[in-house]
Amino acid sequence: MTYIDRTGLWLIATAAILVAGAFVLPHWLTFILTLALAKALVVQGVVVQMRAGLVSFGQGLFFCVGGYAIGLGGNLLGIHDAFALLALGLVASVGLAAVIGLLMTRYRDIFFAMLSLALSMILFGVLVKSQTLGSTDGFNVHGVSYLGVTFDGANQKIAVYILTVVVSCACALFLYRSQHAGIGRVCEAIRENEIRVEYLGLSPRWILYAQYLVAAAVSALGGGLTALATGHIDPEMAFWTTSGEFVFIALLGGTMHVAAPFVAAVLFAFVRTYAIEFTPHTWQMILGLVLLGIIIFLPKGLWSLVSRNRRVKA
Amino acid sequence: MSTPILETKGLCRSFGAVIAAKDINVRIEAGEVVGVIGSNGAGKTTFINMVTGYLPPSSGDIRFEGHTLIGKAPRKIIRMGMARSFQVAQLFPELSVLENMLIALVAAESPRPSFLNPVSTPARLRQADEILTEFGVERFRDSLVSAVPQGARKLIDIAMALIGTPRMLLLDEPTSGVSVEEKFPLMDTVMRAVRHHGVTVLFVEHDMEIVERYVSRVLAFYSGEIISDGIPAQVFADNRVRELVIGHGHGAPASEKSRSKA
Amino acid sequence: MNVGALPPARMRRLTDMTTFYAILMDGMIYASWLFLVAAGLTVIYGVMRILNMAHGSFYAIGAYSAASLVGWYFSSNGEANPYWSYAILVGCALLAGLVVGFVIEQGLLRFMYKRNELLMVIVTYALLLILEDATKLVFGVDPYFTYQPYSLLGRSMIGELAFANYDLALVGASVVVGGLCWFVLNRTHTGKVLRAVIHDREIAVAMGVNVRLMFAGTFIVGTTLGALAGALTAPSISVSPGIGVEVIVLAFAVVVVGGLGSIEGAVVGALLVGLTRSMAVHLAPEIELFVIYGVMSLVLAVRPQGLFGRTVARKI
């Protein structure tokens with residue numbers, strides 16, 4: 001049994017090309033890509049749960065925890081290493097998920113959606129009202145070093161970009177494997193018929209709990225990388241519309257392939273850049289219409305276009 | 001006397017004013033094939049639901065190979081060596097038949113599915129194909145379950161239950177929703193597989209022809225109580241059974257029964 | 001979050017008793033507002049099983065149309081009787097709700113009634129996104145202030161505390177809306193049919209109930225209730241983009257606490273959330289937002305179906 005199959009090689013090759021791109025592409029482009037990939041990690045968190053039939057309207061919670069860990073780790077704990085800060089966010093996020101996951105895994109359908117939304121809004125409420133945590137404005141992240149090396153302006157952006165690509169690739173490889181491993185298949189089974197899963201001798205709650213932690217982990221990494229890239233964090237990260245955007249991108253890409261959230265997030269970022277420039281007040285309307293279009297015409301997301309073609313060829 | 005494979009003592013359960021089980025005492029020895037008969041609402045499915053942990057009994061004890069099942073979740077009971085099928089086949093409709101089998105195989109191996117090891121290995125694919133062939137549904141291997149006919153779904157449901165190599169299998173109306181022509185072939189397939197694996201079977205059935213042909217013992221339920229228990233000839237000769245059970249169930253078309261239960 | 005129904009926190013030091021009354025009164029006022037906002041949401045869920053995210057947009061549309069029309073009324077004819085503005089408020093809401101509800105139900109939702117509940121949440125989320133921008137395109141992005149109907153009624157003293165009469169009238173309005181909902185559901189033929197639909201849609205269809213008509217009617221009524229809440233709130237806030245997005249989560253909190261689809265539940269949910277929030281505002285302002293969702297999470301944790309909700313076990 002090989003540990004890296006064809007899809008794995010594709011992921012690594014794409015990541016290598018993207019890393020090489022750091023030295024060729026214009027800075028504005030690498031910046032957009034950094035943010036898109038970081039966002040895609042949070043979307044992966046949404047997708048992992050969507051495969052099990054759960055829609056999280058509060059993934060911003062872990063996105064926010066990951067981001068704030070970067071800021072607070074520097075300001076309050078004096079940690080300045082990017083890797084240590086990302087790890088801090090990861091631990092904080094998974095720790096939080098380990099507690100509220102006990103509660104969340106009891107819920108399904110709209111109740112899961114609503115409760116996840118409520119929990120992220122609690123964090124939003126706390127952050128907005130707390131002076132020490134930066135209140136409504138949040139605060140800036142600076143003085144981050146990479147294994148002892150500090151970069152100035154443009155090089156710092158390149159460093160974050162490369163880090164984001166590498167982390168995304170690692171997460172994608174793991175998520176790809178787990179999607180096709182027992183845990184991923186059983187999640188689909190839970191979505192289809194939870195009672196049968198129980199009667200196969202498995203605990204749906206344990207499996208959903210495990211996936212909840214995985215989702216929290218990748219979302220925290222996404223939040224951390226976003227904070228490193230923009231150098232700023234604010235409570236909006238936990239506001240429910242941020243989570244709504246993650247759900248949107250997840251539906252855009254669909255749940256079929258691990259690459260879909262990345263592709264969808266990049267597509268989203270580019271369309272948004274232009275849409276906001278040309279028609280600032282119709283961006284959300286475009287999103288809404290596209291979302292309706294996906295639901296009606298492509299219920300498995302844009303990825304179904306690609307795979308449908310492939311099946312016809314084969 | 002050896003420990004019975006399944007034993008219930010004073011099992012009771014009510015839903016509000018409706019009594020679905022009243023002081024049920026049953027002893028089933030390993031190797032028996034037991035048929036459970038009774039009209040709708042007599043408490044047959046409730047009995048299976050209680051034994052497999054889906055419904056807690058109001059009082060009484062259930063022992064499987066001497067170990068109590070009270071307070072145990074269905075998955076724990078499955079892990080102890082019990083399995084069940086469902087009146088309406090409980091499958092994963094938007095996955096293929098093969099994927100359904102693979103998931104059952106993964107589940108049988110460990111209660112904690114792996115994060116890294118792929119599900120479709122050559123060994124599991126071979127096993128899945130063997131099982132599908134044993135149950136005569138190999139032609140549906142790559143179809144989605146939602147596109148597979150009722151009779152085949154019932155077989156797949158039972159095949160999935162048997163994958164965990166249980167020592168006892170509870171079948172809830174295996175032939176309901178199955179056409180008249182299909183029901184005997186279906187039962188032949190199931191009983192062959194069951195004997196092959198050496199499994200003790202208890203099945204709920206409306207169809208007296210099926211019961212007569214396949215069981216070694218019959219339990220007749222009436223409004224939550226067992227009114228007769230013995231070899232088929234003896235139970236079917238019982239006046240109360242003839243009046244209260246067979247008079248209701250026998251001869252009615254299977255489709256009507258399944259509809260009224262759904 | 002500036003929802004305005006609550007007077008600003010008082011600066012002077014109050015005695016314990018006064019604080020208690022203040023909490024109670026502010027809580028009641030806030031609860032009335034919450035109920036108005038949540039009533040339409042729970043009605044739609046109860047009958048149609050749609051958890052309508054676009055409800056916040058209906059609120060915003062009501063607020064915008066009321067604010068712009070009342071503003072125009074006062075600026076264009078200074079001589080006019082100012083009390084007509086209340087009729088305009090309510091009239092706007094009814095018209096806006098009717099039109100928007102009808103268009104959305106007939107144009108989109110009726111094609112999707114077979115879909116599952118979770119997907120409908122996403123459909124209404126798409127609607128929310130569309131309506132948010134549609135509102136901006138129609139009304140612009142600058143805030144509207146329509147204080148006249150609010151200040152016109154003056155203030156009255158209750159004990160040592162001054163309250164805007166408009167806020168007190170809001171309590172009355174929510175009692176009227178709640179009473180009407182209760183009356184329709186429990187004392188009319190339509191209500192009886194609706195309750196049959198709520199209880200078991202399939203049996204209701206089998207008994208010849210025109211479910212399509214019931215759904216269309218319910219959706220329009222729910223939309224109108226949302227618009228009415230917005231219109232009645234408009235005079236006490238600055239109507240600006242984003243109010244709908246803020247309100248929808250509050251409305252969710254209320255109906256989830258009370259039990260989705262239950263009018264009684266919405267009343268109790270509104271009171272619980274309203275009083276808790278008012279307590280927080282007076283005693284520990286820093287946890288104001290936290291408590292609203294805290295109450296919601298706590299109720300969900302203990303009683304997922306909400307205080308008045310029912311659970312249905314799955315048959316196998």
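Because the structure is a prediction, the values reported are computed rather than measured. Below, chain A is the first sequence line, B the second, and so on; all start at residue 1. Just the heavy atoms: all of them, side chains too, but no hydrogens, waters or symmetry mates, feed the values below.
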Of the listed Ala73(B), Ser120(B), Pro113(B), Ala108(B), the one with the largest count of heavy-atom pairs under 4.5 Å with chain A is Pro113(B)

Could you walk me through whether Gln59(A) and Ser56(A) pass side chain to side chain donor-acceptor pair (under 3.5 Å), step by step?
CA-CA 6 Å; Gln59(A) 207 59 24; Ser56(A) 166; 3.1 Å; yes

Heavy-atom contact with chain A under 4.5 Å, split by part of Ala83(B):
neither

Check against side chain to side chain contact (heavy atoms under 4.5 Å, CB included), Val43(A) and Phe262(A):
CA-CA 8 Å; Val43(A) 176; Phe262(A) 292 111; over 6 Å; no

Heavy-atom contact with chain A under 4.5 Å, split by part of Glu109(B)
neither

Part of Ser110(B) lying under 4.5 Å from any heavy atom of chain A
backbone

Cation-pi between Arg108(A) and Phe111(A): NZ/CZ under 6.0 Å from ring centre and within 45° of the ring axis?
no

Interface moiety of Val106(B) toward chain A, non-hydrogen atoms closer than 4.5 Å:
side chain

So which part of Val197(A) gets closer than 4.5 Å to some heavy atom of chain B, the side chain, the backbone, both or neither?
both

Under 4.5 Å to a heavy atom of chain A? For Met82(B) that would be neither

Has Arg177(A) got its NZ or CZ under 6.0 Å from the middle of the six-membered ring of Phe115(B), at an angle within 45 degrees of the ring axis?
no

Among the options Met160(B), Lys76(B), Arg75(B), pick out the one with the most heavy-atom pairs lying under 4.5 Å from chain A.
Arg75(B)

Among Asp172(B), Ile62(B), Leu11(B), which residue meets the side chain to side chain contact (heavy atoms under 4.5 Å, CB included) test with Phe47(B)?
Leu11(B)

Given heavy-atom pairs under 4.5 angstrom as the criterion, report whether the side chain, backbone, both or neither of Asp157(B) touches chain A.
both

Are the aromatic ring centres of Phe246(A) and Phe63(A) under 6.0 angstrom apart?
yes

Results of side chain to side chain donor-acceptor pair (under 3.5 Å) for Glu182(B) - residues two or more places apart only:
Ser179(B)

What residue in His180(A), Gln179(A), Glu198(A) has the most heavy-atom pairs under 4.5 Å with chain B?
Glu198(A)

When Ile183(A), Val186(A), Ile190(A) are compared by non-hydrogen pairs under 4.5 Å with chain B, the top option
Ile183(A)

Is the centre of the Tyr54(B) ring less than 6.0 Å from the centre of the Phe86(B) ring?
no

Quick check on the interface: out of Arg191(A), Arg185(A), Glu188(A), Gln211(A), who has the most heavy-atom pairs with chain B under 4.5 Å?
Arg185(A)

